[in-house]
There are 2 protein chains.
Amino acid sequence: MNYISEVLGVGHDQGVGFNPRMNGQRQMIRTISPNRASFGRCSACTVRSFSICGALDQSDLVEFERIARHVHLAPNEALFTAGQLAQSVHNVAAGVARLYKLLPDGRRQVVGFALPGDFLGMAPSDRYSFSADAVDSVTLCRFSREAFTHFIAQRPHFLIRINEFAARELMLAQEQMLLLGRRTAEEKVASFLVGWRKRLAHIGDERQTIALPMSRQDIADYLGLTIETVSRTLTRFEREKMLIIVAGGVRLLDPGRAAAMAAA
Amino acid sequence: MNYISEVLGVGHDQGVGFNPRMNGQRQMIRTISPNRASFGRCSACTVRSFSICGALDQSDLVEFERIARHVHLAPNEALFTAGQLAQSVHNVAAGVARLYKLLPDGRRQVVGFALPGDFLGMAPSDRYSFSADAVDSVTLCRFSREAFTHFIAQRPHFLIRINEFAARELMLAQEQMLLLGRRTAEEKVASFLVGWRKRLAHIGDERQTIALPMSRQDIADYLGLTIETVSRTLTRFEREKMLIIVAGGVRLLDPGRAAAMAAA
DNA sequence: TGGGCTGGTTGATCCAGGTCAAATTCGCCG
DNA sequence: CGGCGAATTTGACCTGGATCAACCAGCCCA
């Protein structure tokens with residue numbers, strides 16, 4: 001069993017730190033954000049190419065920008081909560097959001113982490129079916145559901161793009177079901193690292209050290225494990241020279257071994 | 001660990017039988033199909049209202065019918081396999097299909113069961129990311145991906161409908177992640193029964209006995225359990241008078257108790 | 001009518017990962 | 001620098017569900 005330990009409000013900056021385990025050899029890990037996206041101007045947005053907006057041309061973009069509102073969230077601030085009226089849809093511009101569902105007794109399942117470029121809020125009803133909040137400092141574009149629905153209805157190419165995103169999302173969800181239902185703890189942690197690294201690379205973050213802005217509890221709740229098992233497994237990986245644990249992340253020494261564990 | 005035990009070809013008719021536990025008091029369970037859909041004529045299709053085709057008007061329907069091919073599959077016949085080129089998309093018209101992913105060593109995760117009205121095959125790449133085959137006798141409408149893509153591109157309302165289906169699918173996937181990652185065996189089995197009953201009701205199958213055309217192994221692989229645990233749990237539910245196990249299904253005696261287990 | 005095959009049930013035992021309980025370390029702040 | 005609360009790690013132990021192994025009931029076909 002595990003419980004919600006969300007503290008709303010401003011947290012401590014987990015994005016910067018140095019490695020305690022390397023005796024003074026500092027390892028800086030920065031917040032996840034492809035360079036520093038300039039906001040207010042969609043045409044200059046650095047995440048546009050890997051977001052749904054990539055399907056919009058200049059004139060669409062001007063229209064789109066008119067219905068967008070930029071929102072900034074401090075670490076652990078809520079984006080929306082399951083059960084609330086789904087009045088907005090969102091596009092993550094910078095930072096990482098945690099998407100999760102809770103059981104009445106507090107057990108939590110993190111159903112995903114949203115990265116820059118990810119689209120949130122396609123609810124099949126008029127209410128959110130999961131909750132979302134900021135892991136680190138998050139910037140997003142928010143659209144009223146109504147304006148958004150109206151906007152897309154005239155633009156089939158945009159609808160097709162959103163469909164592609166939904167299909168990718170669904171595929172990831174199915175991968176995750178396989179992981180949750182049939183993989184061992186070791187395979188889960190290895191798969192998570194490999195998958196997360198791939199997602200970071202996809203948005204242009206190719207540093208050799210994998211940034212892990214989320215807590216161990218978040219990772220545990222994502223993998224259907226306890227925090228102790230995640231910690232032990234990472235420590236074992238380190239002992240076995242597969243990786244080195246650094247502040248705010250992990251440095252993969254043997255990506256091949258990790259990938260092999262993740263595959264089978 | 002569990003292994004693939006797929007025998008391609010015609011199986012035994014699991015859709016009909018009588019309850020061995022009720023000493024001669026026969027309990028017929030029929031195949032899942034809302035009445036008997038008449039095929040070849042979309043306009044007379046009984047599952048249209050709860051399928052993506054519900055968004056098409058008469059003239060669209062005529063066009064649509066032109067690109068559809070009807071396919072009939074015997075129990076356990078494959079619909080498509082993960083990794084294959086995704087040349088078609090499908091709409092289930094009758095019967096139940098099992099969607100699953102395999103690990104190299106044979107561990108299997110059933111990621112869903114497709115019922116009449118369900119739409120299959122939105123692959124985010126040019127290859128299927130999961131496999132699908134018939135549980136019982138299945139009838140489907142098959143479309144070439146190319147023709148389908150072309151068809152939807154001109155019809156925003158149809159795209160919107162497909163989007164709604166994708167969003168619902170994604171929500172179900174997230175529910176399933178919560179189940180796989182955080183629920184106990186007892187909660188998993190109870191949730192499955194309640195959820196399955198709800199889906200059957202949605203397509204108009206409101207018999208008091210819940211038809212379970214899939215095998216215990218399928219259920220186990222769907223819930224991230226072993227066949228033994230599923231069997232033991234169902235037997236216990238029966239002992240506790242929550243339900244009665246009948247051939248090809250289960251009769252819920254205490255839906256309230258089941259729902260309570262499923263909820264928390 | 002009987003034997004073998006398949007799917008399901010039941011029982012005994014085991015162990016991966018959970019639970020409980022301390023440390024230890026980190027980040028922060030005075 | 002020193003101290004405090006939160007996050008993480010580590011250790012000892014326990015248990016839910018897996019594994020291993022019969023067994024049983026229907027069904028098919030000879």
Side-chain angles (χ1 to χ4, degrees), chain A residues 1-3 5-7 9-23 26-27 29 75-76 107 135 180-189 212-221 223-239 245-250, chain B residues 1-3 5-7 9-14 16-24 26 75-76 107 135 180-189 212-221 223-239 245-250:
Chain A
M1 307 295 118
N2 49 74
Y3 302 91
S5 57
E6 306 309 301
V7 181
V10 184
H12 347 290
D13 184 4
Q14 294 186 318
V16 179
F18 56 89
N19 180 5
R21 308 185 164 234
M22 294 186 75
N23 323 294
R26 300 188 177 204
Q27 285 280 10
I29 310 250
N76 294 316
R107 280 175 287 174
V135 168
L180 290 168
R182 290 303 183 211
R183 297 180 112 104
T184 65
E186 168 176 298
E187 290 167 352
K188 284 178 176 181
V189 175
L212 297 176
M214 70 293 285
S215 70
R216 293 286 188 269
Q217 186 66 66
D218 290 337
I219 297 174
D221 287 349
L223 302 178
L225 296 172
T226 59
I227 186 171
E228 292 94 332
T229 300
V230 170
S231 181
R232 275 187 247 273
T233 306
L234 283 173
T235 310
R236 184 155 57 76
F237 285 170
E238 187 173 46
R239 212 162 41 229
I245 300 169
V246 300
V250 130
Chain B
M1 308 293 118
N2 48 74
Y3 303 91
S5 57
E6 305 310 302
V7 180
V10 183
H12 349 288
D13 184 4
Q14 294 187 319
V16 179
F18 57 88
N19 180 6
R21 306 182 163 238
M22 292 185 75
N23 323 297
R26 301 187 177 206
N76 294 315
R107 279 175 287 174
V135 168
L180 290 168
R182 291 302 182 211
R183 297 181 113 107
T184 64
E186 168 176 298
E187 289 167 353
K188 284 177 176 182
V189 176
L212 297 176
M214 71 291 285
S215 70
R216 293 286 188 268
Q217 185 65 66
D218 290 337
I219 297 174
D221 287 349
L223 301 178
L225 296 171
T226 57
I227 186 173
E228 291 95 333
T229 299
V230 170
S231 180
R232 274 187 247 274
T233 306
L234 284 174
T235 310
R236 184 155 57 76
F237 285 169
E238 187 173 46
R239 212 163 39 229
I245 299 170
V246 300
V250 130

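Residue numbering restarts at 1 for every chain, and letters A, B, ... go by the order of the sequence lines. In this text the structure is predicted, and so the values were computed from the model without any measurement.
For A:Arg107 and C:dG17, the CZ to P distance is 19 Å, given to the nearest whole Å. Rounded to an integer number of Å, the gap from A:Leu234 CG to D:dT10 P is 11 Å. For the pair B:Glu186 CD and D:dG17 C1', the computed distance is 13 Å after rounding to whole Å. In this entry the distance linking CE of B:Met214 with P of C:dG8 reads 11 Å, nearest Å. In this structure, CZ of B:Phe237 is placed 13 Å from P of C:dT9, rounded to the nearest angstrom. Rounded to a whole Å, the NZ atom of A:Lys188 is 12 Å from the C1' atom of C:dG18. Distance, B:Asp221 CG to C:dG8 P: 12 Å, rounded to whole Å. Note: CD1 (B:Ile245) to C1' (C:dG7) measures 13 Å, nearest angstrom.
Between the side chain of B:Arg232 and the base of D:dT19, at least one donor-acceptor pair of N or O atoms lies under 3.5 Å.
Using a 4.0 Å cut-off, some side-chain N or O of A:Thr226 falls inside it from OP1 or OP2 of C:dG18. A close approach under 4.0 Å does occur between a side-chain nitrogen or oxygen of A:Arg216 and OP1 or OP2 of D:dT9. Here A:Thr184 does not reach the OP1 or OP2 of C:dA16: none of its side-chain N or O atoms lies under 4.0 Å away. Within the 4.0 Å cut-off from OP1 or OP2 of C:dG8, not a single side-chain nitrogen or oxygen of B:Ser231 is found.
A 4.5 Å side-chain heavy-atom check between A:Met214 and A:Asp221 finds every atom pair outside the cut-off. For the pair A:Thr233 and A:Leu225, the minimum side-chain heavy-atom distance is 4.5 Å or more. At least one side-chain heavy atom of A:Leu234 sits under 4.5 Å from a side-chain heavy atom of A:Arg216.
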For this session: Tell me, with the steps shown, if B:Thr184 and A:Arg107 meet side-chain contact (heavy atoms from CB on, under 4.5 Å).
Result: CA-CA 11 Å; B:Thr184 64; A:Arg107 280 175 287 174; 4.2 Å; yes
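With rounding to the nearest 0.5 angstrom, the CZ atom of B:Arg182 is 9.0 Å from the CG atom of A:Leu180.
Counting only heavy atoms from C-beta on, B:Thr235 has its side chain closest to C:dT10 among C:dG17, D:dT8, C:dT10. When distances are taken from the side chain of B:Glu228 to each of D:dT9, D:dT19, D:dA18, the shortest belongs to D:dT19.
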